[in-house]
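Mind looking over this structure? Questions follow.
Remember, it's a predicted structure, so these values are computed and weren't measured experimentally. All values below were derived from every heavy atom in this structure, side-chain atoms included, with hydrogens, water molecules and symmetry-related copies excluded.
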Protein chains: 2
Amino acid sequence: MGDAHHHKPQLAGLGELAARLRNCARRVTEPRREILRALRDGAHPMSPKQVHQALHDTCDLATVYRSLHMLEAAGMVKRFDLGDGVRRFELLGEGDDGHHHHLVCKRCDTVVEIDDCFTPALEQRIASRSGFAGVTHRLEFFGTCPACQTA
Amino acid sequence: MGDAHHHKPQLAGLGELAARLRNCARRVTEPRREILRALRDGAHPMSPKQVHQALHDTCDLATVYRSLHMLEAAGMVKRFDLGDGVRRFELLGEGDDGHHHHLVCKRCDTVVEIDDCFTPALEQRIASRSGFAGVTHRLEFFGTCPACQTA
DNA sequence: CTGCATCCTGCAAATCATTTGCATCTGGGA
DNA sequence: TCCCAGATGCAAATGATTTGCAGGATGCAG
Ligand SMILES: [Mn+2]
Ligand SMILES: [Mn+2]
Ligand SMILES: [Zn+2]
Ligand SMILES: [Zn+2]
């Protein structure tokens, strides 16, 4: 650790992102380019509303929702659920399944990326015991960040 | 394991539940009694709508929401988030913090209770590395149940 | 380079889950 | 039994996300 987060496509060029879009037989539109740029530049998962604001209202919120949905189906972004009723999205690197976790401050919503995953053994055990196939998991941590502890 | 799930208050009498309510300086009303009964009888976490339906519309949906909110604050039920946009609640045994996890079938929404949890040492490591305090976690598993695998 | 079918977008209205205002009702202590 | 803080019903308000529709832009064909 200490290096760049492995799950952040180190500033993939927008050209490359457009190429990935085309490979999915999807059109490269202005809103989509901007949404990808916002996700690429933003640290941590972003909500549709945050993305929309980052775009300074250059496109409709509905378009943001539709685009994120499409990008998710295309495997270009991954959806996270941090407990409040809001979806968050992160850009995925090429070929990256984006599996990782977060540590969220209950008071200020600060997000820390957690690149380690501790559950493969547990997941395996749960799968064999239950007979379920293709078992995955969603794991998020919550606590109080240093700043909020003093405040 | 193999025994009853530790987190299910083995059919606590409604009288005992009413007593717990009174200890919180809350009134024991008909809707609340019925909601507690529904949660006690239902296996697995129930959504407000499911609780409402189990009550055969003997009280308003808003009352179910308000009651569940109150019961959560009173530490009598615990809220879970299984990934769809719907809250689920489980009845808690006296003194039980209810920390546990679930395995959900992506196709039929069948829920399996998971009493297993990974070692607290890992959570501890995350806490010390980040400087966060009071770190907890939310963990749910997803997969395809045996029945849905064949179908 | 231009035309065109197709896919996208903006806008507004519709859904869904959850919350809230308010008038009315009721549980349970006095 | 009386009283009133607290609870409920009902309906309207919120907030997030989706959808119908008519007009607009993209990218392949010509
Ligand atoms: Mn992340
Ligand atoms: Mn459970
Ligand atoms: Zn904080
Ligand atoms: Zn299933």
Exercise. Within the distance-only criterion (no hydrogens, no angle test), does the side chain of B:His52 pair as donor or acceptor with the backbone N or O of B:Cys59 below 3.5 angstrom?
Worked result: yes
Anything under 3.5 Å between a protein N or O and an N or O of nucleotides 27-30 of chain C, put it in a table, one pair a line.
{"from": "C:dG27", "atom 1": "N2", "to": "B:Arg27", "atom 2": "NH2", "distance (Å)": "3.2"}
{"from": "C:dG28", "atom 1": "OP1", "to": "B:Val28", "atom 2": "N", "distance (Å)": "3.1"}

For this session: From the options D:dA16, D:dA11, C:dT18, select the nucleotide whose nearest atom is closest to the side chain of B:Arg87.
Result: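 Within the option list, the nearest is C:dT18.
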Problem set entry | Nearest-nucleotide pick for B:Arg32, side chain only, options being C:dT9, D:dT8, D:dT19 |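 Closest nucleotide among those given: D:dT8.
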Exercise. Between B:Leu61 and A:Val64, which has a closest nucleotide on DNA chain C that is more 5'?
Worked result: A:Val64
For this session: Give the intermediate values and the outcome of side chain to side chain contact (heavy atoms under 4.5 Å, CB included) for residues B:Leu39 and B:Leu68.
Result: CA-CA 10 Å; B:Leu39 289 175; B:Leu68 287 173; 4.0 Å; yes
Exercise. With a 4.0 Å cut-off, would you call A:Arg125 and B:Asp116 a salt bridge?
Worked result: yes
For this session: Between C:dC11, C:dT9, C:dA17, spot the one nearest the side chain of B:Val86, thanks.
Result: C:dA17
For this session: Let me know the distance between CG of A:Leu71 and P of C:dT9, rounded to the nearest Å.
Result: 10 Å
For this session: May I have the distance from B:Gln53 (atom CD) to C:dC16 (atom P), rounded to whole angstrom?
Result: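 In whole Å, C:dC16 P lies 14 Å from B:Gln53 CD.
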Exercise. With nearest nucleotides of DNA chain D determined for B:Thr63 and A:Lys49 from heavy-atom distances, which residue corresponds to the more 5′ nucleotide?
Worked result: B:Thr63
Exercise. Does the B:Glu90 side chain pair with the main chain of B:Lys78, one donor and one acceptor, at a distance under 3.5 Å?
Worked result: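 Not confirmed, B:Glu90 side chain does not pair with B:Lys78 backbone.
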Exercise. Over how many whole Å does the gap from A:His52 atom NE2 to D:dT17 atom C1' extend?
Worked result: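 After rounding, the gap between these two atoms is 14 Å.
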For this session: Could you tell me whether the side chain of B:Arg66 has a donor or acceptor atom within less than 3.5 Å of a complementary atom in the base of D:dG6?
Result: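 Under the 3.5 Å cut-off, the side chain and the base do not form any donor-acceptor pair.
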For this session: Return yes if a side-chain donor-acceptor contact under 3.5 Å exists between B:His44 and B:Glu113, otherwise no.
Result: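 Judged by distance alone, the side chains do pair up.
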For this session: Rounded to the nearest angstrom, tell me the gap between atom CZ in A:Phe89 and atom C1' in D:dA16.
Result: 12 Å
For this session: Could you tell me the separation between the OH atom of B:Tyr65 and the C1' atom of D:dA13, rounded to a whole number of Å?
Result: 15 Å
Problem set entry | Candidate pair B:Phe80 and B:His100, rule ring-ring contact (aromatic ring centres under 6.0 Å, His included), full reasoning | CA-CA 10 Å; B:Phe80 290 89; B:His100 69 282; 4.9 Å; yes
Problem set entry | Interatomic distance where CG belongs to A:Leu36 and P belongs to C:dC8 [whole Å] |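 Those two atoms, CG and P, are 13 Å apart.
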For this session: Taking salt bridge (charged side-chain N to carboxylate O under 4.0 Å, His left out) as the test, write out the residues that go with A:Asp84, two or more places apart.
Result: A:Arg88
Exercise. Roughly how many Å is it from CG in B:Asp84 to P in D:dA16, rounded to a whole number?
Worked result: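 In whole Å, D:dA16 P lies 18 Å from B:Asp84 CG.
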Problem set entry | B:Ser67 side-chain proximity, nearest of D:dT8, D:dG9, D:dT17 |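 Of the options given, the side chain of B:Ser67 lies nearest D:dT8.
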For this session: Whole angstrom is fine here: how far is it from CE in B:Met46 over to C1' in C:dA17?
Result: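 It is 17 Å, rounded to the nearest whole Å.
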